[in-house]
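The block underneath contains the structure these notes are about, expressed in structure tokens.
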There are 2 protein chains.
Amino acid sequence: MPAPTTFIQGELKRTIDDRFRVSLPPEMAQAVTDESGSTIVTKERFGCLSLWSAAEWQARQERGVDVIRSKIEAGAMDQRWGEVQRLGRLLSTRSKTVQLANRSRLLIPEGFREFLGVPAGGEIMLIGAVICVELWNPATWLEALTQDMPEFGSLFKELVV
Amino acid sequence: MPAPTTFIQGELKRTIDDRFRVSLPPEMAQAVTDESGSTIVTKERFGCLSLWSAAEWQARQERGVDVIRSKIEAGAMDQRWGEVQRLGRLLSTRSKTVQLANRSRLLIPEGFREFLGVPAGGEIMLIGAVICVELWNPATWLEALTQDMPEFGSLFKELVV
DNA sequence: TTGAATGTGGGTTTTGAGCCCAATACGATG
DNA sequence: CATCGTATTGGGCTCAAAACCCACATTCAA
């Protein structure tokens with residue numbers, strides 16, 4: 001997998017327009033778009049979506065998917081179709097490939113809107129999470145913050161040291 | 001068995017028309033149709049039907065049947081004729097061969113409609129589950145998701161490793 | 001044979017995504 | 001302080017696809 005090209009950072013508020021479009025600041029847009037112009041949207045947890053450069057994401061995920069594909073071809077899955085089916089189902093809901101209009105505006109796809117839980121015209125938080133960009137429902141963001149913030153110190157130490 | 005030609009993916013909402021027809025997006029339709037134009041519909045669990053390329057389905061099923069046949073021949077089933085018979089019954093009610101109109105429109109067969117539990121004019125979720133396409137009653141889908149999603153990580157690991 | 005119910009094949013309408021452009025806000029710079 | 005460039009937002013237009021609707025064919029039963 002190619003190492004992330006940039007360290008995505010920043011926190012800002014944006015509004016979703018009536019057509020469920022969000023404009024991303026140029027740095028973020030650029031960071032989550034690959035050469036072919038594709039971006040991956042994934043459901044993270046209720047109230048939070050994340051954006052990834054398609055190339056990077058696929059590198060990560062396709063490695064796994066390729067393994068499964070070759071196992072299927074080799075017949076190694078014959079006893080486990082049910083599980084393959086179940087995993088496939090989850091893969092399908094979890095992520096979707098999109099293109100940003102004008103290389104900067106995201107249309108939140110059907111199915112991800114309810115998950116984010118922000119109505120048309122509502123506000124969201126845009127968070128740079130180093131390796132991806134996250135879209136948060138402001139209420140969920142606040143919760144997560146108050147809950148995670150106390151751990152910041154120890155987490156920082158843990159990852160740095 | 002022929003390996004699946006494509007990795008069926010995607011999640012979308014569709015409505016059933018007043019005659020219990022659903023139009024499938026081209027990729028999905030193509031993926032569940034074999035050269036002779038046949039598709040298999042199966043009852044998966046209440047609130048869920050699935051679609052398979054007929055050729056693949058039959059290949060898979062025959063393999064299972066072969067196992068049973070050889071067990072029968074070996075005398076391993078002598079005490080279990082009742083069960084074999086019951087299995088046979090289930091196999092025949094469980095699935096049905098259909099043709100998609102215009103290579104894309106599915107008529108949900110009589111007997112499968114109640115099983116899906118969506119009325120004419122209602123909505124369904126179409127899910128790509130890698131090796132098949134599933135039709136879900138939206139309510140059931142939501143339940144299944146909230147239940148299965150947490151297992152995603154471990155399931156993924158299990159199948160990939 | 002006829003009529004109702006069901007399947008089938010178009011047509012039309014409507015919705016929404018993609019694309020583009022205009023108006024505004026904002027910031028930087030001379 | 002004026003001006004220019006860039007970012008953001010809103011809206012209009014177009015096209016494709018989904019939903020809806022109707023007309024015809026087929027089947028089955030009375």
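Below, read A as the first sequence line, B as the second, and so on, with proteins coming before strands; counting in each chain starts at 1.
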Looking only at the side chains, is there a donor atom on one of [X] and [Y] sitting less than 3.5 Å from an acceptor on the other?
| X | Y | value |
| --- | --- | --- |
| B:Thr97 | B:Ser38 | no |
| B:Ser36 | B:Asp34 | yes |
| B:Glu134 | A:Gln85 | yes |
| A:Ser23 | A:Ser104 | no |

(request) Report, as a single string ordered 5' to 3', how protein heavy atoms within less than 4.0 Å touch nucleotides 13-30 of chain D: B base, S sugar-phosphate only, - not at all. (result) -----SSSB---------

(request) Not counting sequence neighbours, list each pair that qualifies as a ring pair (Phe, Tyr, Trp, His ring centres under 6.0 Å) and has a residue in residues 9-30 of chain A. (result) none

(request) Scan residues 100-125 of chain A for pairs that pass ring pair (Phe, Tyr, Trp, His ring centres under 6.0 Å), counting only residues two or more places apart or in two chains. (result) A:Phe46-A:Phe115

(message) At a heavy-atom distance below 4.0 Å, what parts of residues 92-102 of chain A sit against DNA chain C?
(response) none

(request) Find the distance A:Arg103:CZ to D:dT6:P and express it as a whole number of Å. (result) 18 Å

(request) Walking along DNA chain C from 5' to 3', note the first and the last nucleotide with an atom under 4.0 Å from a heavy atom of chain B, and give both. (result) C:dG7 to C:dG10

Check this for me, if you would: do [X] and [Y] make a salt bridge, where the nitrogen-to-carboxylate-oxygen distance has to be below 4.0 angstrom?
| X | Y | result |
| --- | --- | --- |
| B:Arg69 | B:Glu62 | no |
| A:Glu123 | A:Arg14 | no |
| B:Glu11 | A:Arg89 | no |

(message) Just to verify, what does B:Lys43 make a side-chain hydrogen bond (donor to acceptor under 3.5 Å, both in side chains) with, not counting sequence neighbours?
(response) none

